[in-house]
Amino acid sequence: MALSFWLMRVLLPFAAVMALHAQNLMPLPAGITPGQGQLQIDESFRVAFTGYREPRLDAAAGRLARLVAARTGLILSGAAQGSATLEVRCAGAGEKVQGIREDESYRLEVTPRGARLEAATPAGVLRGFATFAQLVELDAAGFRVPAVRVDDRPRFPWRGLTLDVSRHWMPMDVIRRTLDGMWAVKLNALHLHLSDDQGFRIESKRYPRLQGMGSGGYYFTQDQVREIVAYARDRGIRILPEFDMPGHTSSWFPGYPELAAGPGPHEVPRGFGVLDGCMDPTREETYRFLDGFIGEMATLFPDEYFHIGGDEVNGKWWNANPRIQEFKRAHGMKTNEDLQAYFTKRVQGIVAKHGKKMVGWDEIMHPDLPRGIVVHSWRGANSLAQAAADGFSAILSNGWYLDLMQHTDQHYLVDPLAGAAASLTPEQKSRILGGEACEWAELITAENVDARIWPRTAAIAERLWSPADVRDVDSMYRRLAVVSSELEWLGLEHASSFHLMVMRLAGTHDPAPLALLANVVEPVKEYQRHNSRKYTTTTPLNRLVDVARPESAVARDFAKLVDGYIASRTGAGEIRSRLTAWRANAARLAPVLRDSALLAEAAPLSQDLAALAAAGLQALTTLEAGNHAPAGWVDQQLALAKGAAQPRAELLLSVVPPVRKLIEAAR
Ligand code: TNX
């Protein structure tokens, strides 16, 4: 069997071998050897442990069984007799607090007679369970797992997700769901961005006015934090807290104005952007406060690392404060960067005193800082490589900002070891620990957060787990669709929230015509939404743009059809049926648009879709007849397509490019 595997590897590219035997796996494992036959999954499904055992493992086995039951619809008998379907041998306890060097490797062997999972630690078992769950599939003989041997370990030790709970509040069930999803795709660090200008989201017992005056009542109690930490540990996930400072701190000041570098009165701001609010780095009282606060938080969060933010200090309050100017002069500091470096060093001392390693965004990087800290790169590959070259540990987030509404393949092809990092020495490279996808929450709420995180984050998780040469975009999209439905079975709401939000917009009307439109539009990209209106924390996010997915699968599919047609004149029927439905949709949608205050802005999009579809149909008819369209007609339709490509209601009609191709082909 192993021999045939190696033969296949010689004959076929790696990705092709994978595709044959792992079409449901995301992330793809480091090593996979196909076997003969399948293991039947029926109501006798059972997990048994033969080696080390602890409550965390029992709980994980229970969750695996529930996931198998949910996905198959089987009612598991729960009988403890007979041989187990999946036998687990864990060598021993992992680290008391999961660290970045925790052994997450595992070996899974499935034969028609049973499956066996071996791992050094419970974290490895958790990764193997995630793989096993994804291998269950339905075929003509029932639910089965293909015979296979998986030898797997992560490429990077730090595979995270940043979740901003400050700009919009994310309650406990969002956190739990997010952790469930992270487990499924083998992510191992949830970074909670707990404070920012717009909200202070955690209970401090020592400084209760932080949450008391900075949160509007929306914050995690310390009991809830302990619950989150335990829930995450159960899934092999670290919780990394971030308290952004000295900028992004406006919400600290209503309760503790003495921390502020600028004058009051202080309010929690509702607007977004790089605001002026920042701490006073010159007063000893600031550091006494932070010592007390960080000390309190350091005991609450067991993780070895502690994120202090450090990004985007605009320095306006520092420039306007005579005492701060005097301090800079007295200490020979020329720039605000020097002043921030002074602050960062002081805070690093406090973080270290409380037993933690500091993490911060690019701006914290400074030659005087100890090399044990981690630089979190939001600026890009160059600063990531620079940090590693200078001896710092580093993680990447640039390229993985989920709030920028980019397509999955754009995120997928970003690699922490590409670009400037590619020319680092092996030792320098080893300091690049991995990265984190980032969900910034200026324009998301608990209602649509799942749809903004998933399924795209699964592809980023694959980049961080799988071997570097796993880069086949078609394979990724195929498997992403499968993992997306698995995530729904786990309780994620990215698909269901779409339907609920569409129904809200449609009022009492049939939501189908609106869903059709929603399926072919995408929110404008990057920061464009902020240019079209002034958003605040209280602006409702209940419009079509808040429902539309970052990437239209319908449009991607249609573009493929059109490419296929242009290349080889195949698939005309499919193309025609889609265009026909789009052309007819405007009339069906008209009454819905008319009756919904939330939808008035979408009327031009619906018109554009119909007009574009009509043009596409004419082009197709021309092509099918082997004719050429008159130049005048082509130019007219291209002008129409150009108009339809303009954003409307902060949305882009994502089928414009393929229809334009059809029109051009008819010339
Ligand atoms: C920049 S990246 C920020 C965040 C914003 C985000 C929006 C970084 C460290 N700061 O405060 O939420 O852009 O994409």
Side-chain angles (χ1 to χ4, degrees), residues 160-170 189 191-201 240-252 268-279 305-315 337 340 343-344 347 358-365 373-384 387 394-406 410-411 414 416 435-445 448-449 452-453 456-457 460 523-532 534-537 539 541 545-546 550 650:
L161 170 67
T162 303
L163 183 61
D164 172 8
V165 298
S166 172
R167 273 58 175 270
H168 282 98
W169 168 239
M170 302 292 159
H191 162 176
L192 293 174
H193 184 79
L194 287 162
S195 66
D196 208 303
D197 295 307
Q198 296 80 3
F200 194 95
R201 304 297 180 197
L240 173 74
E242 178 189 353
F243 298 95
D244 205 346
M245 61 182 82
H248 287 278
T249 40
S250 308
S251 64
W252 303 53
V268 177
R270 292 181 172 188
F272 301 117
V274 179
L275 308 184
D276 299 346
C278 61
M279 288 180 176
Y305 291 89
F306 196 94
H307 203 307
I308 60 107
D311 56 309
E312 298 182 323
V313 184
N314 73 14
E337 285 69 45
Q340 184 171 352
F343 174 84
T344 307
V347 173
M358 187 175 81
V359 187
W361 300 103
D362 289 306
E363 288 93 327
I364 66 159
M365 217 191 314
I373 66 165
V374 178
V375 175
H376 190 170
S377 172
W378 68 279
R379 288 182 170 167
N382 289 345
S383 64
L384 183 81
I395 54 175
L396 181 68
S397 276
N398 180 280
W400 290 331
Y401 271 28
L402 300 165
D403 57 317
L404 302 189
M405 301 293 156
Q406 291 173 324
Q410 288 175 274
H411 294 309
V414 170
E436 297 183 354
C438 287
E439 185 56 289
W440 300 106
E442 286 92 342
L443 298 179
I444 61 163
T445 65
N448 65 359
V449 61
R452 295 306 186 223
I453 297 177
R456 288 180 299 165
T457 295
I460 300 170
V524 291
K525 308 299 168 185
E526 302 190 339
Y527 297 105
Q528 282 183 48
R529 280 189 76 179
H530 293 286
N531 301 335
S532 43
K534 172 121 181 83
Y535 280 97
T536 74
T537 50
T539 310
L541 297 175
V545 62
D546 301 301
E650 295 160 44

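This is a predicted model, so every value here is computed, not measured. All heavy atoms count here, side chains included; hydrogens, waters and symmetry mates do not. Counting starts at 1 for both ligands and their atoms, in listed order.
- With H168 contributing its side chain and E442 its backbone, the two residues share a donor-acceptor pair below 3.5 Å.
- For D546 and R529, the salt-bridge test passes: some basic side-chain N is under 4.0 Å from an acidic carboxylate O.
- Evaluation of the side chain to side chain contact (heavy atoms under 4.5 Å, CB included) rule for N382 yields A420 as partners, not counting sequence neighbours.
- Considering only residues two or more places apart in sequence or on other chains, F243 meets the ring pair (Phe, Tyr, Trp, His ring centres under 6.0 Å) condition with F293, F306.
- Annotation: ring pair (Phe, Tyr, Trp, His ring centres under 6.0 Å) contacts of W400 (sequence neighbours excluded): none.
- At distances below 3.5 Å, not a single donor-acceptor pair connects side-chain atoms of D403 with backbone N or O atoms of E439.
- At a heavy-atom cutoff of 4.0 Å, ligand 1 is surrounded by R167, H248, D311, E312, W361, W378, Y401, D403, W440, E442, Y527.
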